[in-house]
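The structure appears right after this line, and notes come after that.
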Number of protein chains: 2
Amino acid sequence: MNIGHASAETGLPVKTIRYYEDIGLVSADRAANGYRDFDAPQIARLRLLAQARLMGFSLEECRALLALEADPTRHSRDVRDLAEQNLISVREKIANLQALEARLTDLISKCHGDEAPDCAILDGLSTSASTAR
Amino acid sequence: MNIGHASAETGLPVKTIRYYEDIGLVSADRAANGYRDFDAPQIARLRLLAQARLMGFSLEECRALLALEADPTRHSRDVRDLAEQNLISVREKIANLQALEARLTDLISKCHGDEAPDCAILDGLSTSASTAR
DNA sequence: CTTTACCCTCCAGCTGGTGGAGGGTTTATA
DNA sequence: TATAAACCCTCCACCAGCTGGAGGGTAAAG
């Protein structure tokens, strides 16, 4: 299967697939004309990559997932550990963004948003922190 | 005020301040020995940068904020528009991460997490999407 | 037989910095 | 007064995770 088909099959951009091969996440045979040729197992790896990236796994975590996937003696505990790590960092990001949202909402509510130059947002951003507490 | 003091004053790393000068977000005079010398208005700009970055504004948005801050004829509406844009993208990020959290939690709950190799997480990541719907 | 749509490699750039090499300066201490 | 620690400087390279483009070869369609 050439790279265009692999792209259509997995939803990954052609450029991204080449990049993944570059950094050793997948491998591809070469046809006589130099075109990449992906077999079924490699397509499966690409699919796993596409899904895992959507799920917020970093490329290094994806590398670990692929290694586990390829290892028939794996323990599902190891996979779950990776996923739980990822879940923790997702939750941290959510918490940070929610704190941000609250502060931003607060600042915005205090700004008149009219033709006048005075602005509570600029004032709030100019103070040396401490506004948040 | 030299860069070390500016750093202590604003909480920004020295390297970051140099970077901000590099890309034209602040400017600094030079002392006879070549050291940067920040005056009060530039320190104020750095402080605004530090706060705005914490609030999730991109450096280009910070540039716009600084331009508004420096313009006595500004309309507070323009500042608020920027902040609202930012708020929208923060909310989008939160929504995406929450969807992610739900999917991850679901996958994790289905994985035994034991010594056996079969794993619902790997299975879930191997299907060509559609699991989420 | 040409056009279009592929494919290839390699290099550069994006955001927002950070780390280090290799140097000069200033301040504190022995 | 020597010297060491703590500053400061510039410049170059690197991180993630791609993406765009230049400059070229190849394959399928009309």
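Because the structure is a prediction, the values reported are computed rather than measured. Convention: sequence-line order gives letters A, B, ...; per-chain numbering from 1. Heavy-atom basis, side chains included; hydrogens, waters and symmetry copies ignored.
Rounded to whole angstrom, the span from the CG atom of B:D22 across to the P atom of C:dT18 amounts to 14 Å. The distance between atom CG of A:L49 and atom C1' of D:dA16, rounded to the nearest whole Å, is 15 Å. Following rounding to the nearest Å, B:R63 (CZ) and C:dT15 (P) show an atom-to-atom distance of 10 Å. The distance between atom CG of B:L46 and atom P of C:dG16, rounded to the nearest whole Å, is 16 Å. The separation between A:L59 atom CG and D:dC15 atom C1' is 12 Å, rounded to whole Å. Taking atom NE2 of A:H5 as the reference point, atom C1' of C:dC6 lies 10 Å away to the nearest angstrom. Rounded to an integer number of Å, the gap from CE of A:M1 to C1' of C:dC6 is 16 Å. Distance, B:N2 CG to C:dG24 C1': 15 Å, rounded to whole Å.
A sub-4.0 Å separation between OP1 or OP2 of C:dT9 and a side-chain N or O of A:R18 is absent. Under 4.0 angstrom from either OP1 or OP2 of C:dT18 there lies at least one side-chain N or O belonging to B:T16.
A heavy-atom distance below 4.0 Å to DNA chain D is reached by these residues of residues 28-36 of chain B, ordered by number: B:R30, B:G34, B:Y35, B:R36.
When the nearest nucleotides of DNA chain C are assigned to B:K15 and B:Y19 by heavy-atom distance, the more 5′-ward of the two goes with B:Y19. Position along DNA chain C of the nearest nucleotide to B:Y20 versus A:I3 favours A:I3 as the more 5'-ward residue. Residue-to-nucleotide proximity on DNA chain D shows that, of B:D37 and A:S58, the 5′-proximal contact is made by B:D37.
Of the possible donor and acceptor atoms, one in the side chain of B:S76 sits under 3.5 Å from a partner among the backbone N and O of A:D114. The backbone N or O of B:D37 sits nowhere less than 3.5 Å from a side-chain atom of B:N2 that would complete a donor-acceptor pair. Remark: side-chain polar atoms of A:R91 are not paired, donor with acceptor, to backbone N or O of B:E101 under 3.5 angstrom.
Salt bridge status for A:R74 with A:E69: absent, with no side-chain N to carboxylate O gap under 4.0 Å. Of the charged side-chain nitrogens involved, none lies within less than 4.0 Å of a carboxylate oxygen, so that A:D22 and A:R18 do not count as a salt-bridged pair. A salt bridge links B:R63 and B:E60; the closest N-O separation between the charged side-chain nitrogens and carboxylate oxygens is under 4.0 Å.
Using a 4.0 Å heavy-atom criterion, one finds that A:R53 contacts the sugar-phosphate atoms exclusively. B:I23 comes within 4.0 angstrom of no nucleic acid atom, judged by non-hydrogen atoms across all strands.
Taking CG of A:N96 as the reference point, atom NZ of B:K93 lies at 12.0 Å (rounded to 0.5 Å).
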